[in-house]
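Below is one structure, written out as structure tokens, with a few remarks after it.
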Amino acid sequence: MDYNSMIPFQDLNLYPDPPTTSTFITPKIEPKLEPLDEPPPPPPPPSLHLSDVASPAHSSAEADIYSEFCRLSELFRSTIAQKHGDAAILPDSDPDSRAIVPVPDPETQVSNVVLAPRGSRKYQTRSSELVRVTDLKPEDDRYFRDLIRKTRMLFDSLRVFSIAEDEKQMDMMVPHRKTRGDLKASAFMRQSGLWLNRDKRIVGDIPGVSIGDVFFFRMELCVVGLHGQAQAGIDYVPASHSSNGEPIATSIIVSGGYEDDEDAGDVIVYTGHGGQDKHNRQVMHQKLECGNLALERSMHYGIEVRVIRGFKYEGSISGKVYVYDGLYRIIETWFDVGKSGFGVFKFKLVRIENQVEMGSAVMKLAQSLKIRPLEVRPKGYVTLDLSRKKENIPVFFFNDIDGDHDPLYHEYLISTIFPPYVYNSGSTAGCECVGGCLNDCFCVMRNGGEFAYDVHGNILRGKPLIFECGPHCRCPPTCRNRVTQKGVRHRFEVFRSRETGWGVRSLNLIQAGSFICEYAGVVLTREQAQIFTMNGDNLIYPSRFAERWKEWGDLSQIFSDYVCPSYPSVPPLDFAMDVSRMRNVACYMSHSSIPNVFVQLVLYDHNNLSFPHLMLFAMENIPPMRELSLDYGVADEWMGKMAICN
DNA sequence: GGTCTTTCATATCG
DNA sequence: CCGATATGAAAGAC
């Protein structure tokens with residue numbers, strides 16, 4: 001990493017807030033700014049480091065399944081064993097990453113991390129160097145956005161993977177306490193040096209993290225560097241590390257843990273920490289020290305703090321979510337007598353203007369839209385169910401921009417229509433799990449010896465193809481291996497957008513890995529498609545979708561010999577889909593090269609490998625009201641969608 | 001550099 | 001559905 005090129009903050013006047021530029025920070029603290037005017041970063045590294053080599057046609061497909069299954073389990077166990085220091089974990093990192101992101105040095109990696117005896121804390125420690133990142137170019141922004149997304153995908157993959165492994169142990173009657181997947185995931189990533197933003201203490205926005213981004217675990221906030229405390233509500237550079245001996249606060253979490261908090265959205269009265277017993281009762285006076293002092297010092301220097309709100313959310317795994325709500329300035333602090341009768345420090349924070357709307361406010365809006373849409377937005381709703389009762393959950397249609405009601409004039413198609421012969425071909429094999437499918441289920445074997453979904457119905461790993469239980473199986477409809485066939489679980493809204501023509505958003509928070517909907521259409525064979533194309537109709541070619549499933553569940557950065565699942569090998573998709581007359585909500589989704597939705601092929605109602613369903617899953621936690629996007633695999637930004645907008 | 005302490009976690013159990 | 005309790009992990013304080 002080249003730190004020589006770093007320029008002291010005072011020499012650059014890039015900070016966009018004029019009033020605070022001069023008083024922003026005392027020279028003593030010597031904050032530095034990452035120079036951002038050097039050549040743009042290299043394109044994001046290819047997400048896959050191990051190519052998906054098609055395995056040679058095995059005579060026994062079963063051998064493939066088991067070897068893959070056993071190898072992975074072994075991989076997991078041996079990596080756990082490494083905690084005791086008997087093997088090397090070599091991280092897989094992009095050597096050209098921007099300097100602000102930690103790039104693990106293989107040498108320090110070996111000496112500091114891998115060989116560290118159990119219990120010692122020889123991981124890379126946090127830097128105390130204050131930095132603010134401003135004026136990111138669009139390409140920088142995309143790079144960091146992608147980096148954050150990949151980091152969070154890895155976190156989630158590891159979390160779910162750890163829980164899945166834990167369940168196997170449970171099945172084998174090994175008594176133990178349930179694994180905390182969040183802790184396991186963060187530990188793995190820390191060992192591999194994959195925590196972000198640890199070599200600088202960033203004041204202000206974290207590159208790649210947007211206002212409104214939603215997190216389910218505190219450890220996840222640590223991993224991306226948004227808030228570095230596993231439990232504490234105030235994150236700060238400690239006095240002992242600060243160049244002027246004063247602590248500086250960088251972020252807080254507002255989650256109602258203190259009775260004297262007042263949260264009015266743009267204005268927060270935040271209570272300092274301390275003085276509580278283990279039952280969170282205020283039993284002592286607070287002191288102006290640690291985080292309290294840091295907040296006071298941040299106020300003095302006019303340093304903004306990141307605010308993350310934590311609140312209860314139904315439908316969240318943990319029952320709670322954390323939402324990044326942007327930057328606030330501390331404008332006032334005083335010592336007050338709290339409700340308990342003990343003295344507490346209070347801090348008045350005001351949200352800095354000209355930021356996009358608060359994530360928590362957007363979530364509240366979406367919540368009320370679900371219940372009474374017409375009262376909240378009297379204008380713009382064209383219909384409250386585009387699907388005309390075909391979907392489990394109505395699909396709203398909103399257009400407050402122009403009079404285009406085109407989506408109304410298409411027949412709503414809930415699932416793809418295949419040619420009839422598809423259902424008569426292929427095997428009619430199914431499982432015999434009358435009492436519900438377990439690990440020895442035939443369909444589980446077909447998925448490589450593991451369930452494709454976790455108990456919440458979230459996809460574990462992207463695969464060339466997933467077999468769900470279907471009509472040939474004897475398991476009940478409640479079987480865990482039936483997910484996509486049950487249809488949508490979220491409230492979607494098709495909307496008119498000035499930027500993307502049509503778009504799709506959800507009024508629910510969608511957890512990463514959860515099923516969204518099918519990409520439905522009428523299947524045309526190659527011959528039929530040629531005729532249609534000659535008539536000037538635009539068709540969807542499923543083979544063109546980028547294979548983003550490879551990124552979901554990719555653990556190659558943690559387990560060096562991890563390989564992307566290549567089983568079962570499916571023939572290239574050789575059909576087109578007509579969505580000109582019949583379509584579902586999916587075809588209004590926009591294209592993006594940093595998509596939040598990916599395509600996973602699934603079979604459930606027939607066994608013909610050549611005609612799978614195109615099922616869409618969330619690549620990241622998608623906050624309510626954020627546009628869904630797919631990688632259509634097209635060079636031109638909007639071509640994928642233009643094909644069906646006309 | 002260890003060890004201790006604090007901390008607006010999280011899961012489970014009555 | 002709470003509250004108590006157990007387990008846990010980061011990182012600041014000393």
Side-chain angles (χ1 to χ4, degrees), chain A residues 83 112 116-128 159 162-163 166 170 176-191 195 197-198 201 215-242 245-263 268-284 286-287 289-295 305-314 316-323 325 338 344-347 349 360 455:
Chain A
K83 275 183 122 176
N112 285 352
R118 185 179 168 77
S120 78
R121 303 221 181 260
K122 291 207 171 171
Y123 303 114
Q124 178 196 15
T125 51
R126 296 179 92 186
S127 156
S128 57
R159 186 178 63 79
S162 301
I163 293 169
D166 191 62
M170 286 285 195
H176 61 99
R177 171 166 277 272
K178 246 188 180 176
T179 293
R180 285 268 305 269
D182 55 328
L183 301 182
K184 208 51 146 305
S186 64
F188 272 131
M189 292 181 73
R190 196 155 96 135
Q191 283 168 34
W195 285 29
N197 300 313
R198 291 176 64 80
R201 296 286 292 240
F215 302 79
F216 290 102
F217 297 94
R218 283 289 293 262
M219 291 314 297
E220 207 177 350
L221 301 175
C222 295
V223 170
V224 300
L226 194 62
H227 186 84
Q229 302 284 342
Q231 292 191 6
I234 305 168
D235 195 15
Y236 58 102
V237 177
S240 56
H241 292 60
S242 165
E246 296 178 2
I248 296 292
T250 53
S251 60
I252 63 168
I253 293 186
V254 188
S255 59
Y258 281 78
E259 58 194 3
D260 298 310
D261 280 357
E262 293 167 44
D263 186 359
I268 303 167
V269 177
Y270 189 77
T271 310
H273 60 194
Q276 289 188 324
D277 67 4
K278 58 180 177 175
H279 300 301
N280 295 338
R281 282 182 300 233
Q282 205 69 40
V283 293
M284 281 162 53
Q286 292 183 345
K287 295 173 189 157
E289 58 186 20
C290 304
N292 297 349
L293 181 59
L295 281 172
V305 293
R306 293 184 290 273
V307 169
I308 299 114
R309 277 195 176 73
F311 48 88
K312 284 186 178 159
Y313 192 85
E314 216 177 318
S316 148
I317 302 279
S318 53
K320 226 180 159 181
V321 291
Y322 297 95
V323 180
D325 267 344
V344 292
F345 280 92
K346 290 194 170 174
F347 300 91
L349 292 99
S360 55
V455 288

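Below, read A as the first sequence line, B as the second, and so on, with proteins coming before strands; counting in each chain starts at 1.
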A:D260 and A:T271 side chains, donor-acceptor separation under 3.5 Å: no
Sugar-phosphate only, base, or nothing, as touched by A:G291 at under 4.0 Å among non-hydrogen atoms: nothing
Closest heavy-atom pair and its distance - A:P247, A:Y236: CB-CD1, 4.0 Å
Touch class at under 4.0 angstrom, heavy-atom based, for A:R159 against every strand present: nothing
Minimum-distance nucleotide (side-chain atoms of A:A232 versus B:dT10, C:dA11, B:dT7): B:dT7
Side chain of A:M219 (C-beta onward), nearest among C:dA9, B:dA11, B:dA9: C:dA9
Charged N-O contact under 4.0 Å between A:K184 and A:D166: no
Whether A:R218 side chain and A:A232 backbone form a donor-acceptor pair below 3.5 Å: yes
Phosphate contact (B:dA9 OP1 or OP2) by A:S255 side-chain N/O below 4.0 Å: yes
A:L226 CG to B:dA9 P, straight-line distance once rounded to whole Å: 14 Å
Per A:A230 side chain, nearest of listed nucleotides C:dA11, C:dA13, C:dA10: C:dA10
A:K178 vs A:G257, nearer the 5' end of DNA chain B by closest nucleotide: A:G257
Spacing between A:L293 atom CG and B:dT6 atom P, to the nearest angstrom: 17 Å
Closest to the A:D261 side chain, choosing from C:dA10, B:dA11, B:dC8: B:dC8
CD1 on A:I163 to NZ on A:K178, rounded to 0.5 Å: 8.0 Å
Contact under 4.0 Å: A:S240 side-chain N or O vs C:dA13 OP1/OP2: yes
Watson-Crick and G-U pairing of DNA chain C written in dot-bracket, each distance under 3.5 angstrom, with | for inter-strand partners: .||||||.||||||
Sugar-phosphate only, base, or nothing, as touched by A:S186 at under 4.0 Å among non-hydrogen atoms: nothing
Test item: A:Q282 side-chain N/O and A:G338 main-chain N/O as donor-acceptor pair under 3.5 Å: no
Gap between atom CZ of A:R198 and atom SG of A:C222 - 0.5 Å precision: 8.5 Å
Sugar-phosphate only, base, or nothing, as touched by A:R180 at under 4.0 Å among non-hydrogen atoms: base
Short N-O contact, A:D235 and A:R306, less than 4.0 angstrom: no
Sugar-phosphate, base or nothing in reach of A:K278, heavy atoms under 4.0 Å: nothing
Sugar-phosphate only, base, or nothing, as touched by A:D182 at under 4.0 Å among non-hydrogen atoms: sugar-phosphate
Residue pair A:V283 / A:Q276: nearest heavy atoms and the distance that separates them: CG2-C, 4.1 Å
Between B:dT10 (P) and A:F311 (CZ): distance, integer Å: 14 Å
Atom-pair distance (NE2 on A:H273; P on C:dA11), nearest Å: 15 Å
Nearest-nucleotide 5' precedence on DNA chain C, A:L183 against A:Y236: A:L183
Presence of A:R190 side-chain N/O under 4.0 Å of C:dA10 phosphate oxygens OP1/OP2: yes
5′-ward residue of the pair A:V254/A:R177 relative to DNA chain B: A:V254
Interatomic distance, A:W195 CH2 vs C:dA9 P [rounded to whole Å]: 11 Å
A:Y322 aromatic ring stacked with six-membered ring of B:dC8, 5.5 Å and 30°: no
Give me the distances for all protein-to-nucleotides 2-4 of chain C N/O pairs that come in under 3.5 Å?
none

Residues which pass side chain to side chain donor-acceptor pair (under 3.5 Å) with A:S186, listed by chain and number, not counting sequence neighbours: none
Sugar-phosphate only, base, or nothing, as touched by A:G256 at under 4.0 Å among non-hydrogen atoms: base
Sugar-phosphate only, base, or nothing, as touched by A:G228 at under 4.0 Å among non-hydrogen atoms: sugar-phosphate
Interatomic distance where OH belongs to A:Y258 and P belongs to B:dC8 [whole Å]: 4 Å
Length of the CD-C1' vector between A:Q229 and B:dT5, whole Å: 13 Å
d(CD1, A:I317; C1', B:dT10) in whole Å: 13 Å
Which nucleotide in C:dG12, C:dA9, B:dT10 has an atom nearest any side-chain atom of A:F217: B:dT10
Taking every non-hydrogen atom, the tightest pair across A:E246 and A:S242: O-OG, 2.8 Å
Base B:dC8 to side chain A:N280, donor-acceptor N/O within 3.5 Å cut-off: no
Donor-acceptor under 3.5 Å (A:Y270 side chain, A:I253 main chain): yes
